[in-house]
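Here is the structure we will look at.
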Number of protein chains: 2
Amino acid sequence: MISLSTTALNKIHPSHGLSPAELDSVAPRLPKYLQNIHNRQQGFYSDEVLGSSLASSVDDSAEELFEKIQFFADSVEGKYESIVVLGIGGSSLGSIALREAFGHSVGGTFPELIVLDNIDPDLITETLESVELEKTLFLVISKSGGTPEIISEYFFFSKVIKDAQLPVRQHFVFITGPKGILREEANEKGIQTFPIPENVGGRFSVLTSVGLLPAALVGIDIRKLIRGAKKMRDIFLNKDAKVNLPFQLASIQYLLLQKKKNINVMYPYAHKLYRVADWFRQLLAESTGKRHAENGEEVFTGITPIAALGATDQHSQNQLYFEGPNDKLFLFVKSESFENTVHIPVPKRKNLEYLKDTDFGELLLLEMEGTKGALTEVDRPHITISISSISEEDIGELFLLFEGATAFLGEFLNINAFDQPGVELSKNITRELLLKRKK
Amino acid sequence: MISLSTTALNKIHPSHGLSPAELDSVAPRLPKYLQNIHNRQQGFYSDEVLGSSLASSVDDSAEELFEKIQFFADSVEGKYESIVVLGIGGSSLGSIALREAFGHSVGGTFPELIVLDNIDPDLITETLESVELEKTLFLVISKSGGTPEIISEYFFFSKVIKDAQLPVRQHFVFITGPKGILREEANEKGIQTFPIPENVGGRFSVLTSVGLLPAALVGIDIRKLIRGAKKMRDIFLNKDAKVNLPFQLASIQYLLLQKKKNINVMYPYAHKLYRVADWFRQLLAESTGKRHAENGEEVFTGITPIAALGATDQHSQNQLYFEGPNDKLFLFVKSESFENTVHIPVPKRKNLEYLKDTDFGELLLLEMEGTKGALTEVDRPHITISISSISEEDIGELFLLFEGATAFLGEFLNINAFDQPGVELSKNITRELLLKRKK
């Protein structure tokens with residue numbers, strides 16, 4: 001269960017906050033924006049991805065995929081000690097978020113999940129040294145099937161496996177689109193593949209095979225993830241702005257961008273949710289950072305995301321957040337409960353009275369209240385997203401909340417939230433530099 | 001050896017870049033700013049911290065401290081399997097940066113370094129479960145000796161050690177100032193302590209016991225760290241702006257802040273340097289985020305730092321960096337060499353020609369050139385800080401480069417870079433909330 005608290009926006013100076021009337025003023029746009037989003041034919045909330053009814057129809061393509069993923073995960077249980085994801089950006093951030101949210105609590109016979117999301121030679125060497133090849137499965141993830149970093153890593157580890165005289169088919173699974181180098185390799189070598197729907201972009205793909213297969217392999221309940229996501233999908237499709245949380249979130253982000261809050265700080269107060277903020281960082285940056293509006297006008301728009309962690313970053317960033325430029329909207333994320341209750345055994349001393357009879361979870365959440373209270377006092381806008389617990393259902397809801405909000409934000413900004421035209425430039429320069437090298 | 005490349009600033013549109021003449025225009029301020037910094041009597045570059053001459057005088061207080069630290073580290077070698085730092089903010093970020101830069105390359109008989117920099121009860125529980133208590137040393141780090149998070153953690157783990165009938169003195173070492181709860185505890189229980197100089201703030205303390213003791217315990221050569229730092233200290237004290245790299249860096253940050261580059265993205269292209277960017281994040285945020293100028297004027301100034309990682313964040317943030325608002329200065333950080341050379345074994349295929357005969361290190365650095373080239377084309381200012389290798393000397397230089405630049409930046413902005421008056425507000429609110437709870 002997710003709830004959104006926005007009351008602080010109405011408590012601070014109107015030039016930095018939002019009144020209920022201001023929020024209401026954009027509500028009439030909701031049906032039109034929903035229609036626009038439908039017209040874009042993006043699949044992240046579609047039946048093809050989330051399934052129409054998890055319980056009923058087995059001929060549903062999503063249902064088939066969940067079964068295929070779970071079947072594969074069940075069939076290899078106990079076989080691998082390490083799952084190494086070769087993926088970058090949208091092909092890795094979802095897995096990392098899921099691993100950190102649940103990784104330590106699943107345990108048992110499940111393998112560890114290593115995400116190799118960089119081409120640093122020292123990192124690659126360390127990763128290779130840290131695994132036992134016979135008990136390692138490499139998940140190679142690239143929608144285009146031609147991401148240079150991932151292709152390079154695949155050829156490297158594929159050679160390593162061959163050199164160790166191990167069967168490639170037992171150690172590689174691809175998650176890729178219908179075309180590209182990976183698809184050709186899979187066909188040639190008989191490597192098992194899982195699909196990425198054509199109409200789901202990398203940063204919206206956590207609830208496709210891209211995030212679900214690694215999750216299932218380490219024991220995360222993917223059906224519950226989907227169940228939560230579907231709950232939020234229904235809310236996302238609701239035409240009542242009072243109900244539609246993703247629309248509310250986007251309204252706040254948009255209206256405050258008009259008030260020069262061009263930075264969004266996602267500030268989870270739970271270690272396990274920190275990497276959700278990292279995932280969000282890509283989602284918001286790539287979706288909103290655009291040179292051109294849909295009408296071709298040059299706008300150079302975008303919200304710069306920052307991932308902060310409570311209480312850790314109180315001792316690193318709060319000074320700036322309280323006293324620096326008032327250019328940030330803070331999105332606190334908290335869980336109502338922790339897995340563990342850990343009492344703080346303070347001795348009886350006068351200057352420690354305030355820590356009497358408390359536990360670390362309570363202290364952490366009261367520190368969040370301290371940070372929020374201070375932000376309110378200095379007129380810095382903040383909202384709080386609460387989940388009941390760090391459970392698969394709630395995390396599934398959370399993913400769809402942010403994905404839906406980002407889709408709405410694109411409409412508010414009159415941009416295409418689903419493309420990334422800017423990134424080709426650097427890729428081309430790198431490719432030219434590679435070709436120009438003296439051989 | 002550190003070098004700074006700023007040529008791209010002169011290649012982009014003047015409204016977003018800097019000409020040599022603009023940079024020269026602030027050079028005359030250097031001697032005055034140096035004098036101001038001296039007058040602030042901050043110890044981060046002092047002989048007390050770095051030593052006047054590492055080779056010569058043994059009666060030098062810094063030299064004595066290095067010996068004490070190294071003696072302690074040597075005397076416990078092989079005794080502990082885990083070093084757990086209980087520290088937050090300035091008491092943890094330096095250790096993490098050092099661990100990530102060198103952690104995997106030292107290895108051998110050295111213990112692992114765990115930094116418990118949060119009070120999340122799930123994290124605390126996992127940390128407790130992951131260590132063997134008999135072979136664990138807790139380093140409790142708090143300058144004031146009263147940081148609520150750290151005091152709470154100390155009392156918790158101290159009870160755990162007592163409950164396990166282990167001697168507290170064998171499992172705790174404090175790094176703390178002359179007063180406060182930790183000092184009282186140390187005196188009472190006979191716990192060994194290491195000092196933090198009074199005139200060195202948390203975010204400038206990595207080269208005091210705070211960073212050096214954890215580093216020495218995991219086999220990092222602290223004398224080389226100091227040697228590098230001293231080299232940069234001499235450069236920092238040089239009155240010639242052509243020589244003074246910290247002053248050059250601060251000039252660029254300041255002049256581009258005037259051109260609305262109010263965000264600094266530190267973008268290392270080496271996995272091992274990512275946490276240096278995290279350390280920098282605190283340094284820049286707390287030092288520059290200030291409501292009041294020194295003359296009392298309300299300025300709400302500050303540069304918002306962002307830590308990005310190459311090549312990973314190309315697939316997450318570059319779209320925003322290339323096409324979003326032109327409000328960022330990019331600080332690339334690279335190492336001229338990696339520890340490992342890892343060849344990429346691409347098969348002969350037409351569409352893979354460009355990856356022929358290359359290795360991951362070369363690919364990574366050419367991807368950086370791609371990102372930099374694209375930024376230049378779209379008029380986004382960037383500079384590159386290069387180190388020869390990820391060695392103790394070069395990392396020591398790097399710390400002093402950024403600390404020195406931050407000191408100069410304070411002068412440019414006419415603020416006190418060494419205080420953090422804003423953070424008390426949230427602490428007081430939390431304390432009140434704790435006291436108000438129903439008992």
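Values in this document were obtained by computation on a predicted structure and should not be read as measured data. Naming convention: chains lettered A, B, ... in sequence-line order (proteins, then strands); numbering from 1 in each chain. Heavy atoms only: backbone and side chains are in, while hydrogens, waters and symmetry mates are out.
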*Give a yes-or-no answer on whether the side chains of Thr304(B) and Lys328(A) include a donor-acceptor pair shorter than 3.5 Å.*
yes

*Heavy-atom distance under 4.5 Å to chain A: side chain of Leu365(B), backbone, both or neither?*
neither

*asked:* Restricting to non-hydrogen atoms, name the atom on Gln420(B) and the atom on Gln319(A) that form the minimum distance, rounded to 0.1 Å.
replied: C-OE1, 3.0 Å

*Quick one: what part of Asn326(A) sits under 4.5 Å from any heavy atom of chain B, side chain, backbone, both or neither?*
neither

*Can you name the closest pair of heavy atoms from Tyr354(A) and Asn351(A) and give their distance?*
CE2-O, 3.4 Å

*Using non-hydrogen atoms only, which part of Leu375(B) is less than 4.5 Å away from chain A: side chain, backbone, both, or neither?*
neither

*Examine whether an atom of Arg349(A) lies under 4.5 Å from a heavy atom of chain B, and if so say whether it belongs to the side chain, the backbone or both; otherwise answer neither.*
side chain

*So which of Thr312(B), Asn428(B), Leu364(B) has the biggest tally of heavy-atom pairs under 4.5 Å with chain A?*
Thr312(B)

*Contacting region of Leu128(A) [heavy-atom separation from chain B under 4.5 Å]*: neither

*Hey, which of Pro345(B), Gly302(B), Ala307(B) has the most heavy atom pairs under 4.5 Å with chain A?*
Pro345(B)

*Does His315(A) offer a backbone N or O that forms a donor-acceptor pair with the side chain of Gln282(B) under 3.5 Å?*
yes

*What part of Glu298(B) lies closer than 4.5 angstrom to a heavy atom of chain A: side chain, backbone, both or neither?*
neither

*Examine whether an atom of Ile344(B) lies under 4.5 Å from a heavy atom of chain A, and if so say whether it belongs to the side chain, the backbone or both; otherwise answer neither.*
side chain

*Tell me, side chain or backbone of Thr147(A) under 4.5 Å from chain B's heavy atoms, or both, or neither?*
side chain

_Using heavy-atom distances under 4.5 Å, tell me whether Ile151(A) contacts chain B through its side chain, its backbone, both, or neither._
side chain

*Tell me, side chain or backbone of Glu424(A) under 4.5 Å from chain B's heavy atoms, or both, or neither?*
neither

*asked:* With a 4.5 angstrom heavy-atom cut-off, is it the side chain or the backbone of Ile119(B) that approaches chain A, or both, or neither?
replied: both

_Quick one, Phe338(A) with Phe360(A), criterion side chain to side chain contact (heavy atoms under 4.5 Å, CB included). Give me CA distance, side-chain angles, the key distance, then yes/no._
CA-CA 10 Å; Phe338(A) 294 92; Phe360(A) 284 105; over 6 Å; no

*Residue among Gly324(B), Ala374(B), Gly422(B), Ser316(B) with most heavy-atom pairs under 4.5 Å to chain A*: Ser316(B)

*Is there side-chain contact between His271(B) and Asp117(A), with at least one heavy-atom pair below 4.5 Å?*
yes

*What part of Leu123(A) gets closer than 4.5 Å to chain B, counting heavy atoms only: side chain, backbone, both or neither?*
side chain

*Compare every heavy atom of Leu320(A) with every heavy atom of Pro325(A), then report the nearest pair and how far apart it is.*
CD-CD1, 4.2 Å

*Quick one: does Thr371(A)'s side chain get under 4.5 Å of Tyr269(A)'s, heavy atoms only?*
yes

*Engaged part of Leu284(A) at the chain B interface, taking heavy atoms whose separation is under 4.5 Å*: neither

_One thing to verify: whether Asp120(A) and Lys272(B) come together as a salt bridge, which I'm taking to mean a side-chain N less than 4.0 angstrom from a carboxylate O._
no

*With rounding to the nearest 0.5 Å, note down the distance linking NZ in Lys179(B) to NZ in Lys143(B).*
12.5 Å

*Using non-hydrogen atoms and a 4.5 Å limit, figure out which bit of Tyr321(B) sits close to chain A: side chain, backbone, both or neither.*
side chain

*asked:* Need one label for Lys372(B): side chain, backbone, both or neither, based on atoms under 4.5 Å from any heavy atom in chain A.
replied: neither

*Tell me, for Lys290(B) versus chain A, whether the close heavy atoms (under 4.5 Å) come from the side chain, the backbone, both or neither.*
both

*Find the one option among Ile303(A), Asp359(A), Leu309(A), Leu433(A) whose heavy-atom pairs under 4.5 Å with chain B are most numerous.*
Leu433(A)

*Counting N and O atoms only, with roles assigned by atom type, does the side chain of Thr430(B) sit under 3.5 Å from a partner on the main chain of Leu366(A), one being a donor and the other an acceptor?*
yes

*Is there a donor-acceptor contact under 3.5 Å from the side chain of Asn318(A) to the main chain of Val423(B)?*
no

_Is Glu432(B) close to chain A through its backbone or its side chain, or both, or neither, when contacts mean heavy atoms under 4.5 Å?_
neither

_So does Pro305(A) get a backbone contact from the side chain of Asn264(A), meaning a donor-acceptor N/O pair under 3.5 Å?_
no

*asked:* Only pairs of heavy atoms separated by less than 4.5 Å count here; which of Thr288(B), Ile181(B), Leu93(B) has the most with chain A?
replied: Ile181(B)

*asked:* Among residues at least two apart in sequence or on other chains, which ones pass ring-ring contact (aromatic ring centres under 6.0 Å, His included) with Phe322(A)?
replied: none

*Relative to chain A, which of Leu352(B), Thr341(B), Val342(B) shows the most heavy atom pairs under 4.5 Å?*
Val342(B)

_Less than 4.5 Å to any heavy atom of chain A: does that hold for the side chain of Thr358(B), its backbone, both, or neither?_
both

*Answer whether the closest heavy-atom distance between the side chains of Asp278(B) and Glu100(B) falls below 4.5 Å.*
no

*Hey, which of Asp327(B), Asn262(B), Val299(B), Ile306(B) has the most heavy atom pairs under 4.5 Å with chain A?*
Ile306(B)

